[in-house]
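Step one of this worksheet: look at the structure below.
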Amino acid sequence: MDYQFDFVLVLRSLPVLLRGLLVTVELWVPSIFIGLCAGFLLSLARLSKSPWLRMPSLFYIELFRDTPVLIQLIWFFYAFPIIIGVQLSPFAAALLGLALNTSAYSAEIFRGGIQSIAQGQWEGARALGMRRSKILQRIILPQVFKRMLPAFTNRAIEVAKMSSLASVLSVHELMYQGRLLSSTYYRPLEILTTVAFIYFVLIYPGTWLSARLERRLAAKA
Amino acid sequence: MTEPILRVTDLQKYFGDLHVLKGIDFSVEAGERIAIIGGSGSGKSTFLRCLNFMEMPSGGTIALDGKPIGKPHGRDGARRYPESELCTVRERVGMVFQQFNLFPHMTVLENVMEGLLTVKGMRNAAARERAVRELEKVGLGTKLDAYPGKLSGGQQQRVAIARALAMEPEILLFDEPTSSLDPELVGEVLRVIRQLADEGRTMLLVTHELGFAYHFATKVIFLADGVFHEVGTPDDVLKNPRQERTRAFLERFTEFGF
Amino acid sequence: MSYHWDFSGVWSRWDLLLTGLVNTVKIAGISIVFGVIVGLLLAFMKLSPRRFLSVPATAFIEFYRNTPPIIHFFWFYYALPVLANVSLNPFLAAVLALSTQSGAFYAEVFRGGIVSIEKGQWEGARALGMRHSQLMRRIILPQALTRMFAPFVERSFELTKTTALASTLAYADLLYQAMLVNSETFRPLEVYTTIALMYVILLVTASTLARVAEARLTAYR
């Protein structure tokens with residue numbers, strides 16, 4: 001193999017790729033934030049005693065978990081505007097798809113966390129005379145949150161990876177810029193490898209953090 | 001004097017920087033029943049677990065029938081233990097664990113047959129026959145097809161004893177066999193061990209049940225800080241200890257006695 | 001909402017969608033098989049005490065876990081031919097991408113299953129005088145396999161959903177065929193909703209079967 005790897009091209013492409021990275025982050029951070037907030041409410045609905053809250057939330061969660069993200073993004077871009085009668089920009093459609101997908105997955109994380117807290121914690125707090133909302137707020141959620149931290153970190157990693165699918169809707173994020181550059185210069189090896197490397201640098205700290213958190217929690221238990 | 005079955009010379013064990021066993025010399029003769037007592041963290045379980053190489057000794061030698069196990073390796077007295085040699089040793093020195101360590105994916109009968117089939121290479125019918133016999137002996141002849149998860153702790157421990165016995169070991173090691181049992185289940189396991197004592201088997205028992213140790217043992221060892229502090233007959237060590245340390249240990253046990 | 005749903009276009013091209021579904025199942029099945037082979041290899045390499053085996057395996061696994069799947073599809077399709085002077089068709093490139101990335105995840109599933117078996121099980125078997133190979137075959141692996149089952153199924157579902165990315169290489173999977181139907185009928189809402197539901201049915205059926213199988217496997221507990 002005597003292929004000449006063109007490093008100069010990599011350096012020249014970096015500014016464009018980093019601009020793409022910025023858009024990736026603009027998709028990533030709000031998706032997680034919206035997804036977590038919506039996911040928490042969704043998990044309360046999922047744990048509710050009323051079937052009117054429980055069944056629709058279950059249906060919503062399963063729908064997002066049992067279909068490919070790519071189809072969700074395409075659906076929000078091409079199909080959803082027909083229902084609401086307003087055309088969405090590629091960025092808005094991608095953000096909507098990613099945020100709602102995240103809400104479904106984080107709802108399951110919250111639910112698992114709340115259910116994993118031993119009955120004794122509820123009983124101990126009730127024996128002190130605390131109300132249900134107070135128990136949830138002061139006793140259960142702080143424990144849930146700590147315990148769920150690795151799972152949320154994992155979710156954040158998944159969202160970062162998923163955001164690359166926005167390139168299919170022509171959102172000008174990292175993957176899109178990489179595809180564009182590689183076909184412009186006919187240098188897919190250099191450009192795509194660089195893009196993969198940038199993603200790795202973006203995502204690996206999260207994986208590392210999540211593994212550390214998990215080990216710390218396991219050590220405490 | 002007869003040659004001991006097992007002889008331990010200058011046994012050393014480190015966990016990292018922690019010096020757990022500090023040069024123990026010890027031997028077991030046929031028919032001896034030895035109870036090892038001591039506080040938690042004294043090294044008594046580690047000592048027992050070194051005898052069948054559940055823990056690898058950091059130094060010293062263990063000899064079976066006068067033949068040292070393993071080969072010298074390196075300069076600090078550590079030895080290397082080939083797998084085949086360890087397998088032979090473990091076949092002759094059986095062990096019963098605090099946590100039973102039954103195989104949850106096998107029935108009671110399969111648990112007892114497992115070693116006979118894989119280690120002894122027995123045929124299915126013969127292995128089955130022996131396994132049933134051992135299980136009947138510990139009073140579990142009616143539980144052959146149950147899975148361990150469905151049994152009480154006491155029953156599980158009796159299966160574990162049958163599993164060890166089926167291998168016909170020359171020495172049987174008990175590592176706190178009743179420590180993880182509910183108080184009302186302790187008796188059924190101790191009765192089985194007592195029955196084995198009556199058969200004249202060679203056994204070592206690490207235990208907190210001092211009353212049982214007194215009636216069971218031919219020799220009692222008080223282990224503290226990684227050395228044998230006091231060794232003697234049950235009467236010597238448990239009734240008339242000579243060492244201050246032993247006395248203090250026994251007093252803690254009898255504090256709330258009646 | 002006054003939108004008038006009209007599935008007649010979708011119905012008229014159901015043969016295209018059916019072909020797509022068959023191709024999706026085909027590529028998922030083949031990639032699972034190859035992914036398992038890659039995963040087993042990586043797991044045993046990573047469990048090995050020899051560093052020249054465990055270090056490359058760890059690097060491979062971490063690289064794949066920390067980069068988005070879509071980049072692997074593009075890399076194998078556009079970049080690998082440059083490097084290795086072979087040209088791959090979309091199917092082969094997609095199978096390579098899917099089986100290497102799922103292999104990285106399967107490896108962690110397999111390894112996790114083995115290391116999750118309690119120390120007591122190893123000791124119980126060793127105390128009987130069993131050799132390492134016997135202990136692995138008769139005591140550890142049978143138990144590890146039942147523990148691996150659920151995460152293995154979960155990973156395989158992820159892989160099945162990821163096959164939708166093969167459409168970006170113009171492999172005729174369900175999503176690609178849906179795009180074809182859409183370009184003929186101009187009914188994106190109906191088309192994309194239909195294939196989303198087809199995915200749901202596919203995965204719900206598979207997970208029901210998996211649950212039945214798991215109940216049998218873990219009957220002893």
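In this text the structure is predicted, and so the values were computed from the model without any measurement. Atom set for the values below is all heavy atoms of this structure, side chains included, hydrogens, waters and symmetry mates excluded. Throughout, protein chains are lettered first and strands after them, A, B, ... in sequence-line order, and every chain is numbered starting at 1.
- Looking only at side-chain heavy atoms (C-beta outward), L73(A) and V168(A) stay at 4.5 Å or farther from each other.
- Looking at Y77(C), there are no atoms closer than 4.5 Å to chain A (heavy atoms on both sides), in backbone or side chain.
- Both the backbone and the side chain of T193(C) have a heavy atom closer than 4.5 Å to some heavy atom of chain A.
- Proximity to chain A is limited to the side chain of M179(C), based on heavy atoms less than 4.5 angstrom apart.
- Residues of residues 90-104 of chain A lying under 4.5 angstrom from chain C, judged on non-hydrogen atoms, do not exist.
- The contact between L165(C) and chain A is made by backbone and side chain atoms together, counting heavy-atom distances below 4.5 Å.
- Within residues 202-212 of chain A, the residues having any heavy atom closer than 4.5 Å to a heavy atom of chain C are I203(A), Y204(A), T207(A), listed by residue number.
- Looking at F157(C), neither its backbone nor its side chain comes within 4.5 Å of chain A, counting heavy atoms on both sides.
- Looking at E158(C), only its side chain comes within 4.5 Å of chain A, counting heavy atoms on both sides.
- For chain A, the nearby part of L203(C) is the side chain; its heavy atoms alone come within less than 4.5 Å.
- Classification of E118(C) and R147(C) as a salt-bridged pair holds, one side-chain N sitting under 4.0 Å from a carboxylate O.
- The two atoms that bring A164(C) and D173(C) nearest to each other are CA-OD2, 3.3 Å, heavy atoms only.
- When heavy atoms are compared at a cutoff of 4.5 Å, R187(A) does not approach chain C at all.
- For the pair F105(C)/Y64(C), no side-chain contact is recorded, criterion being any heavy-atom separation below 4.5 Å from C-beta on.
- Side-chain contact between R65(C) and Q101(C) is absent, with no heavy-atom pair separated by less than 4.5 Å.
- Here the closest heavy-atom approach between residue R187(C) and residue N182(C) is recorded as N-OD1, 3.4 Å.
- Ring to ring, F110(A) and F152(A) are close: their centroids are under 6.0 angstrom apart.
- Looking at S167(A), the atoms closer than 4.5 Å to chain C (heavy atoms on both sides) all sit in the side chain, from C-beta outward.
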